[in-house]
Amino acid sequence: MRRGGRFSRLQVGLFTIAVIAVATFFAFTKDIPFTKGYEVQAVFDNTSALATNSPVRIAGVEVGKVKKVEAAATDSTASVVTMQLNDEALPLHEDTEMKIRPRIFLEGNFFVDVKPGTPSSGELAEGSTIPSTQTSAPVQIDQVIGLLKSDTRQDLRDLLQGYGGAIAGKPAAGEDSDQDPSTQGETAGQSLNDSLNASAQALRGTAIVNDSLQGTEGRDLSRLLRGFGKVSRALGRRESELQGLIVNFNRTTGALASEEAGLRRTINFLPRVLGAANPALDSLNAALPSTRAFAREIIPGVRETPATIAATLPWIDQTRQLVSPAELGGLVNDLRPAVDDLAQFTDGTVDFLPQADLFNRCFLDNVLPTGDKVIADGDLTTGVTNYRELFQGFVGFAGETQNFDGNGAYTRFQTGSGDTTVKTGALKGGSPQFANALRRPLGSRPARPGKQPPYVRTEACHLQKLPDLNSARTGGGP
């Protein structure tokens with residue numbers, strides 16, 4: 001009760017307790033009560049490393065936090081993560097992607113990395129759920145250890161040791177005697193480093209060539225390839241005419257070879273002729289108006305053409321001697337081996353085209369339809385096509401081997417123990433290895449077959465029955 005305008009000790013005490021409670025609430029929750037903010041949900045296949053209040057980031061900037069993590073269903077390992085975002089995270093779009101990433105080198109301290117998507121897909125409404133096909137979780141250490149069996153680890157060690165020996169090993173005496181003197185005595189690694197000195201100029205020239213191959217218009221290269229394909233198909237359908245063309249070409253080059261000396265002298269003059277051609281053509285284009293007038297005036301001279309031809313006959317006799325077999329025969333002899341090689345190449349192309357057709361049919365009728373199937377794998381079913389699921393697995397595994405300081409990839413290991421004893425087979429030392437696992441091993445998915453499937457080389461790939469990917473036995477092992 002107030003007495004004389006003053007508060008009692010009880011009122012002051014209650015007010016002090018209320019102020020302390022409010023301050024404590026704000027200090028620990030860092031949130032304003034009765035405000036919900038923008039919330040969105042996402043389904044992850046694995047959220048064992050994510051906890052409540054874990055940060056949510058876009059391009060490294062924190063834009064929210066995880067409010068709740070709960071199981072998607074009683075018979076599923078997937079989880080639904082509810083996140084509260086601030087205004088800096090908006091807008092999100094329908095094709096938004098999310099991934100759980102570690103914040104430090106060791107396992108733990110995870111956050112949700114958000115890619116807001118593209119505006120063309122439309123904005124994501126508040127309270128929407130992002131499906132598991134647009135999310136990914138980190139690869140856990142038990143999954144890595146499950147892949148690296150003892151024989152696989154030994155093969156990997158042997159591969160790395162062999163590669164290191166090949167790169168750092170010095171050549172033995174006489175092994176590099178036929179190499180360039182600048183590389184003799186060097187290791188493969190040193191020679192590779194030397195090649196970098198010329199790489200800049202070589203790559204610059206390659207870039208210029210590749211840019212030129214694109215043509216001057218947007219679709220020049222595709223039109224060229226399409227036209228080359230049509231020509232190749234036409235040549236394949238007209239084998240007899242192609243053989244006749246080669247024979248006639250051989251005769252023509254033989255006639256040119258018989259006039260080798262004269263042809264050589266003509267080719268020597270050709271660069272100067274071509275150099276003067278462009279200015280001459282420009283002058284001719286400018287002279288066309290006067291040329292018409294000249295044509296009208298030249299008609300009387302045309303009447304004198306018979307006499308001119310009679311005077312030209314001695315020059316024709318000299319030209320006939322120039323193109324005689326004695327002059328061009330040598331050139332044709334030089335070109336004859338090239339013609340033979342061209343004929344052999346043509347024969348090989350005729351044999352190659354049917355094989356290329358079988359290869360294309362195999363991809364169109366067997367490989368691509370198999371990649372478009374969806375594999376049903378119980379709780380681990382993703383609902384995406386086979387080839388997309390494979391590529392997503394590669395991307396996720398590669399991403400989890402990255403490290404924060406740019407020193408290369410890391411493989412993370414985490415020790416643990418449990419009540420399930422795991423025993424390996426006999427190793428090279430002669431005795432098995434034992435370990436304790438947290439959960440009972442699931443076995444391989446699908447189960448490893450007892451023997452390798454048959455491979456018949458005489459049967460065409462595109463005539464084979466498509467494999468039933470969902471018929472493989474999966475699940476438990478010993």
Quick one: does Ser54's side chain have a donor or acceptor within less than 3.5 Å of a partner on Phe111's backbone? no
Can you list the residues that meet the side chain to side chain contact (heavy atoms under 4.5 Å, CB included) rule with Ile167, with sequence neighbours excluded? Tyr163, Ala188, Leu192
Contact check, side chains of Leu85 and Val40, non-hydrogen atoms, under 4.5 Å: yes
Please report the closest heavy-atom contact between Pro91 and Pro116, naming both atoms and the distance. O-CB, 4.1 Å
Can you name the residues that form a side chain to side chain contact (heavy atoms under 4.5 Å, CB included) with Pro119, not counting sequence neighbours? His93
Got Val114 and Thr96 here, is their nearest side-chain heavy-atom distance under 4.5 Å? yes
Where the side chain of Ser121 meets the backbone of Gly117, is there a donor-acceptor pair that is under 3.5 Å apart? no
Which heavy-atom pair separates Pro55 from Phe110 by the least distance, and what is that distance? CD-O, 4.0 Å
Indicate every side-chain donor-acceptor pair of residues 346-364 with a distance under 3.5 Å to a residue at least two apart or in another chain.
from, atom 1, to, atom 2, distance (Å)
Thr346, OG1, Leu342, O, 2.8
Thr349, OG1, Phe345, O, 2.8
Asp357, OD2, Arg361, NE, 2.8
Asn360, ND2, Ala356, O, 3.2

With distance as the sole test, does Asp45 use its side chain to make a donor-acceptor pair with the main-chain N or O of Ala78 at under 3.5 Å? no
Would you give the length of the straight line joining atom CD of Glu389 to atom CD of Gln392, rounded to the nearest 0.5 angstrom? 7.5 Å
Can you list the residues that meet the salt bridge (charged side-chain N to carboxylate O under 4.0 Å, His left out) rule with Glu241, with sequence neighbours excluded? Arg238
Residues Lys99, Asp113: salt bridge by 4.0 Å N-O rule: no
Short side-chain to backbone donor-acceptor contact, Asn470 and Ala376, under 3.5 Å: yes
Hey, does Val374 have a side-chain heavy atom less than 4.5 Å from the side chain of Asn386? no
What's the shortest heavy-atom distance between Pro467 and Lys373, and which atoms? O-NZ, 2.8 Å
Could you tell me which non-hydrogen atom of Gly64 sits nearest to which non-hydrogen atom of Asn86, and how far apart they are? N-ND2, 4.2 Å
Where the side chain of Gln41 meets the backbone of Pro131, is there a donor-acceptor pair that is under 3.5 Å apart? no
By side chain to side chain donor-acceptor pair (under 3.5 Å), which residues pair with Glu88, not counting sequence neighbours? none
Minimal heavy-atom distance between Gly371 and Thr385, with the atoms involved, is O-CB, 3.7 Å
Does any pair with a residue in residues 453-468 pass salt bridge (Lys or Arg N to Asp or Glu O under 4.0 Å), and if so which ones, sequence neighbours excluded? none
Might you work through the side-chain contact (heavy atoms from CB on, under 4.5 Å) test for Val209 and Thr206, ending with a clear yes or no? CA-CA 5 Å; Val209 172; Thr206 303; 5.7 Å; no
Is there a side-chain contact (heavy atoms from CB on, under 4.5 Å) between Val56 and Lys67? Walk through the geometry before answering. CA-CA 10 Å; Val56 180; Lys67 298 296 292 183; over 6 Å; no
What pairs with Ser128 under side chain to side chain contact (heavy atoms under 4.5 Å, CB included), at least two apart in sequence or on another chain? Leu124, Ala125
Please check if atom CZ in Phe434 has more than 12 non-hydrogen atoms from other residues, nucleotides or ligands closer than 6.0 Å. yes
Compare all side-chain heavy atoms of Val112 with those of Val66 and state whether any distance is below 4.5 angstrom. yes
Distance alone, cut at 3.5 Å: any donor-acceptor contact between the side chains of Asp95 and Thr118? yes
One should read off an interatomic distance between Glu126 CD and Glu39 CD, to the nearest 0.5 angstrom, of 7.0 Å
Side chain to side chain, Met98 and Met83, heavy atoms closer than 4.5 Å: yes
Test of understanding: with side chain to side chain donor-acceptor pair (under 3.5 Å), list the residues that count as partners of Ser132, not counting sequence neighbours. none
Leu50 vs Val81 side-chain heavy atoms within contact, under 4.5 Å: yes
CG on Leu438 to CG on Asp419, rounded to 0.5 Å: 8.5 Å
Under the side chain to side chain contact (heavy atoms under 4.5 Å, CB included) test, which residues partner Lys115, sequence neighbours left out? Glu97
Would you indicate whether the side-chain heavy atoms of Ile375 and Thr381 approach each other to under 4.5 Å? no
Side chain to side chain donor-acceptor pair (under 3.5 Å): which pairs involve residues 362-371, sequence neighbours left out? none
Who passes side chain to side chain donor-acceptor pair (under 3.5 Å) against Ser136, sequence neighbours left out? none
Contacts of type side chain to side chain donor-acceptor pair (under 3.5 Å), residue Glu123, not counting sequence neighbours: none
